[in-house]
Protein chains: 2
Amino acid sequence: MHTDTRSVGHAHARTAELTDLGGDTSRDDTTADPPAAHAAPPRRPRAKRLPRAVRERQILDAAVAVFSRHGFHAASMDEISEVAGISKPMLYAYLGSKDELFATCIRREATRLMETIASGVDPADAPDVQLWSGLRAFFGFVSEHRDSWRVLHRQASSQGGPFGEELAEMRRRAITLVAALLVRCASNQGAAYTQRDTDSMAAALVGAGESLADWWLDHAEESAGATAARLMNMMWMGFGDLVEGRVWHPPAHRSTGED
Amino acid sequence: MHTDTRSVGHAHARTAELTDLGGDTSRDDTTADPPAAHAAPPRRPRAKRLPRAVRERQILDAAVAVFSRHGFHAASMDEISEVAGISKPMLYAYLGSKDELFATCIRREATRLMETIASGVDPADAPDVQLWSGLRAFFGFVSEHRDSWRVLHRQASSQGGPFGEELAEMRRRAITLVAALLVRCASNQGAAYTQRDTDSMAAALVGAGESLADWWLDHAEESAGATAARLMNMMWMGFGDLVEGRVWHPPAHRSTGED
DNA sequence: CAGTAGATTTACTCGTCAGTAGGTATGGAG
DNA sequence: CTCCATACCTACTGACGAGTAAATCTACTG
């Protein structure tokens, strides 16, 4: 199991260039190597000179993709640099250590997500409509940035370290936001809830959204709006109403019309 | 961040044999080792001889704890063996490779969880009561086996490998089970749903349960039953009913009475 | 008490990876 | 055309972790 552990994961295309660490470049070609077979290892040409800001974006994109595939620990800086199209020292020069890089990814993607949702919600709407718009925006983001979503949802939250903390913080903010929305819904109707009530409901709602998003990634044959409507129905109406045929319908006006 | 991430305890005894190039050891006893002050590293005494089955259980318990803390990749076999109170080769002798060990953990914990839930549900009950009992059993399990839950929920599902597949399979089974329950609920009332409808609702429900369980772990000041009731209310009644004061109440009879 | 099976260990090997030292190329300012 | 700042690279180190070879101990059987 040891010799072929590699089969479990990892692309490791770079193995070729890493194995000749012997260092002795003045090697005699007479003994070991058949001359022609020794084709030059496909060395990536020197990257074009680019301004720092652009490279940083490229690197972050690559990092998100790799972290998304392998998770924090299993992702290697070598692979990230390769995907980014530059060499490892550039990573360190621009983004610091692996931890810093990961934290930066988390922050960027979380911010994107939050902003996407915020810009999709109109605070002037009724609370239930706000909830609906938020769900739409959320599922839209997930479908367009799968890698971002994977990094945020799975990788970050499973790391106990300082970044996991960073992500947990973002998640708490999201839950808090939803909770506030629920409070407004409730007070609209004169219902009174404890903070514990609304917080727990928000946590469950966010979790349902996450889970449904994952499910959707595996059964992606419908629009973001349709999926959002599923969740909205479930949460707003509940099974009790649903099984008796009472469903919730999205408001016709203002809908961005894809469902 | 690099040099001190791991715990300090590693022997690296081979350094010693690399240093004795000279070969002449004349009067060297005075030079190298500060004899007394340099207390011997606290070497664990030889483990007591135990039958294989018992050791295997111990090892699995330790593995679940360590995987729960660090995740699959960051967990080291050294740490697991240390926590288990035995040495590394025992791990390999009994449980095979790291991959096999992890898969075994997953299977054991997933089986426990499923059985706990199954034994808490009476198929003779009405569908909604079955749902309620299942939720109770689920939250009860989570509160009593936090490590198991963490391994199942976060670590396993984030690994793309063969074991992640194993876990994803378990999760699918759970979702399928819930979906079947929903179908029974619906047909009881004459409502008709597509498989897609029930599957997605089940996925959302399972996700809500997972998320609420996580939330609960951080705010554990109420019983499993109370938390289950929260989710049941949310899912069964929906916000629409809840904000208007219509709530769902657990059946009084047969309740194990802790809420 | 000898003998043996299996429980347990020490002391390694080999591969990978985070992070770095020190050099090379290149585009724009003068 | 010549600097030189800085984008970029090759080649390396030090450390750790998975997995193993080859003992060594110990409980039980005869």
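Numbers restart at 1 for each chain; the letters A, B, ... are given by sequence-line order, proteins then strands.
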> Separation of A:R55 atom CZ from C:dG27 atom C1', in whole Å?
Replying inline: 14 Å

> So does B:K98 reach the base of D:dG19 with its side chain, donor to acceptor, closer than 3.5 Å?
Replying inline: no

>> If I compare all heavy atoms of B:L91 with all of B:I86, which pair ends up nearest, and what's the gap?
In response: N-CD1, 4.2 Å

>> Mind checking if B:K88 touches a base, just sugar-phosphate, or nothing, with heavy atoms under 4.0 Å?
In response: base

>> What is the separation between atom CG on B:L91 and atom P on D:dA18, rounded to the nearest whole Å?
In response: 10 Å

>> Determine whether a donor-acceptor pair (one donor, one acceptor, N or O, separation below 3.5 Å) exists between the side chain of B:R46 and the base of D:dT24.
In response: yes

>> Any side-chain N or O of B:Y94 below 4.0 angstrom from OP1/OP2 of C:dG6?
In response: no

> Under the 3.5 angstrom rule, does the side chain of B:K98 hit a backbone N or O of B:A75 as a donor-acceptor pair?
Replying inline: yes

>> Whole angstroms only, please: what is the CZ-P distance between A:F102 and C:dA18?
In response: 13 Å

>> Could you tell me how far apart B:K48 (NZ) and D:dC25 (C1') are, to the nearest whole angstrom?
In response: 14 Å

> Quick one: are A:T116 and A:F138 in side-chain contact, heavy atoms under 4.5 Å?
Replying inline: no

> Closer to the 5' end of DNA chain D via nearest nucleotide, is it A:R49 or A:I86?
Replying inline: A:R49

> What is the distance, rounded to the nearest whole Å, between atom CD of A:E100 and atom C1' of C:dG19?
Replying inline: 12 Å

> Between A:Y92 (OH) and D:dC12 (P), how many Å, whole number?
Replying inline: 19 Å

>> Rounded to whole Å, please give me the gap between CG in B:L101 and P in D:dG17.
In response: 16 Å

> Can you tell me how far P of D:dT6 sits from CD of A:E56, to the nearest Å?
Replying inline: 14 Å

>> Both A:G96 and B:P45 contact DNA chain C. Taking the nearest nucleotide for each, which residue is further toward the 5' end?
In response: B:P45

>> Measuring from atom CD of B:E109 to atom CE of B:M170, what distance do you get when rounded to the nearest 0.5 angstrom?
In response: 11.0 Å

> Quick check: does any side chain N or O of A:R230 sit under 3.5 Å from a backbone N or O of B:M201, one acting as donor and the other as acceptor?
Replying inline: no

> Of the nucleotides D:dC9, C:dT9, C:dA7, which one has an atom closest to the side chain of A:P89?
Replying inline: D:dC9

> With a non-hydrogen cut-off below 4.0 angstrom, is A:M90 in contact with a base, only sugar-phosphate, or nothing?
Replying inline: base

> Heavy atoms under 4.0 Å, any strand shown: does B:P51 hit a base, just sugar-phosphate, or nothing?
Replying inline: nothing

